[in-house]
S.K.: 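For reference, the structure I am asking about is given below.
Values reported hereafter were calculated over all heavy atoms of this structure, with side chains retained and with hydrogens, waters and symmetry mates removed.
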Amino acid sequence: MNSSIEKELIITKYARHLQRVWEAPSNFFQNLWITIYEWFGCDDYATIVWGSFIIANLAYWIPGICFTLIDLTGRPAFILKYRIQEKSPYPVPFNRVLKALALVVFNQTVVLFLTKVWCYHMMVWRGFENGKTLPTFQRLMLELGFCVIIEEILFYYSHRLLHHSFFYKYIHKRHHEWTSPIGIAALYAHPIEHVICNLLPAFFGPFLLGTHITVFWLWYCLALLTTLNAHTGFHLPLLPSPEAHNFHHLKFTDNYGAMGFLDDLHGTNKNFRNSEIYQRHFWSLSLAPLKQLYPDKQKEE
């Protein structure tokens, strides 16, 4: 048999194999979505408002409660070696956590629900993709990438605006009560700030695209999880670095964005980049704490 024909047959064989590999999970998610959509009665209002409300709370509270238990008990002890601000009081006093929980619960119920109702009417006005057919994997990745860029732009400039003396005094100061943040404090913010900095930047990407409901759900889960991770106070292996936002809470300056490229553009991360902390600002694949691998020079001396 001609070698070129053999190569074509091999390529075709592996292409078909990869297609089957993709179709298996794709069919699983497709069937799962049909079940969920029918569970909401194929009703767009229920799916967008109540579905988003449930998904957002599950994505926030499941990891949030786990980190809160760690913050209250200091256990398991092995995780403490990954703490970023080792000099801050720990475990966190119960009354302080309780105060944070009260505001976070309000933001994750009343504020979130009212915003989702508004989002639904905006999406109906804009037009969005609904129904039982999921977008392709390639389209999903492209739309998530677009949402990341829109969220970063809106979050950076709204966050930086809230650091103006007027807005900071009446609104943003509450979030900065946590100079050494904990996970649950990710949404410990004035309700106005929660809408402007947290909810709307995450909404406008899917809104501009008129995307499928599932993309909106997935994107909002990713946004919540990364926000939680940025506030945990732990630089854990295999997770994105929270060093930049932790530095922002510690110094009240620098690192106004979530991704960092607008901070690079505007030079609003100079102090952070010149600090010793910056050497530990990367996605760690090692189980060893980065403070051991990259200790501060002052400690070495």
S.K.: Carefully, step by step, assess Asp254 and Asp263 under the rule side chain to side chain contact (heavy atoms under 4.5 Å, CB included).
M.R.: CA-CA 8 Å; Asp254 285 57; Asp263 285 296; over 6 Å; no
S.K.: Which atom names give the shortest non-hydrogen contact between Leu187 and Asn107, and what distance separates them?
M.R.: O-ND2, 3.0 Å
S.K.: Heavy atoms, side chains only, cut-off 4.5 Å: are Ile48 and Val124 in contact?
M.R.: no
S.K.: Side chains of Gln108 and His194, heavy atoms from C-beta outward: is any pair under 4.5 Å?
M.R.: yes
S.K.: Just wondering, do Leu250 and Ile84 contact through their side chains at under 4.5 Å, heavy atoms?
M.R.: no
S.K.: Apply side chain to side chain contact (heavy atoms under 4.5 Å, CB included) to Cys119 and Thr115, showing your working.
M.R.: CA-CA 6 Å; Cys119 289; Thr115 305; 4.0 Å; yes
S.K.: Is there a salt bridge (Lys or Arg N to Asp or Glu O under 4.0 Å) between Arg174 and Glu193? Walk through the geometry before answering.
M.R.: CA-CA 10 Å; Arg174 181 168 296 185; Glu193 176 182 352; over 6 Å; no
S.K.: Check this for me, if you would: do Arg280 and Asp296 make a salt bridge, where the nitrogen-to-carboxylate-oxygen distance has to be below 4.0 angstrom?
M.R.: yes
S.K.: Can you label the angle between the Tyr188 ring and the Trp178 ring as parallel, tilted or perpendicular, going by 30° and 60°?
M.R.: perpendicular
S.K.: Decide yes or no on side chain to side chain donor-acceptor pair (under 3.5 Å) for His176 and His248, but give the supporting numbers first.
M.R.: CA-CA 9 Å; His176 273 287; His248 176 78; 3.1 Å; yes
S.K.: Applying salt bridge (Lys or Arg N to Asp or Glu O under 4.0 Å), can you list everything that pairs with Glu143, at least two apart in sequence or on another chain?
M.R.: Arg139
S.K.: Of all heavy-atom pairs between Tyr82 and Ala288, which one has the smallest distance, and what is that distance?
M.R.: CE2-C, 4.3 Å
S.K.: Quick one: ring-ring contact (aromatic ring centres under 6.0 Å, His included) partners of Phe272, sequence neighbours excluded?
M.R.: Phe247, Tyr278, His281
S.K.: Restricting to ring-ring contact (aromatic ring centres under 6.0 Å, His included), what partner residues turn up for His235, sequence neighbours left out?
M.R.: none
S.K.: Salt bridge (Lys or Arg N to Asp or Glu O under 4.0 Å) with Lys251: which residues, sequence neighbours excluded?
M.R.: none
S.K.: Parallel, tilted or perpendicular, judged at 30° and 60°: which one describes the rings of His159 and His172?
M.R.: perpendicular
S.K.: Run the ring-ring contact (aromatic ring centres under 6.0 Å, His included) test against Tyr90 and tell me which residues pass, sequence neighbours left out.
M.R.: none
S.K.: Does the separation of the ring centres of Tyr157 and His266 fall below 6.0 angstrom?
M.R.: yes
S.K.: Would you say CZ of Phe252 has more than 12 non-hydrogen atoms from neighbouring residues, nucleotides or ligands within 6.0 angstrom?
M.R.: yes
S.K.: Give me the one residue out of Tyr45, Phe207, Phe203 that meets ring pair (Phe, Tyr, Trp, His ring centres under 6.0 Å) with Tyr120.
M.R.: Tyr45
S.K.: Heavy-atom distance under 4.5 Å between the side chains of Asn198 and Leu224, does that happen here?
M.R.: no
S.K.: Give me the ring orientation class for Phe113 and Trp50: parallel if the planes are under 30° apart, tilted from 30 to 60°, perpendicular past 60°.
M.R.: tilted
S.K.: What about the rings of His175 and His249, do their centers lie closer together than 6.0 Å?
M.R.: yes
S.K.: With sequence neighbours excluded, what pairs up with Trp33 under the ring-ring contact (aromatic ring centres under 6.0 Å, His included) test?
M.R.: Tyr37, His212, Trp217
S.K.: Let me see the working for Asp71 and Ile184 under side chain to side chain contact (heavy atoms under 4.5 Å, CB included), right down to the final yes or no.
M.R.: CA-CA 9 Å; Asp71 294 325; Ile184 206 70; 5.7 Å; no
S.K.: Just wondering, do Leu238 and Leu285 contact through their side chains at under 4.5 Å, heavy atoms?
M.R.: yes
S.K.: Give me the atom names and distance for the closest heavy-atom approach of Pro76 to Ile70.
M.R.: CD-CG1, 4.2 Å
S.K.: Taking all atoms of both residues into account, what is the closest heavy-atom pair of Lys132 and Cys42, and its distance?
M.R.: CE-SG, 4.0 Å
S.K.: Restricting to non-hydrogen atoms, name the atom on Ala59 and the atom on Leu225 that form the minimum distance, rounded to 0.1 Å.
M.R.: O-CD2, 3.5 Å
S.K.: Would you say the side chain of Phe128 lies within less than 4.5 Å of the side chain of Phe216, judging by non-hydrogen atoms?
M.R.: no
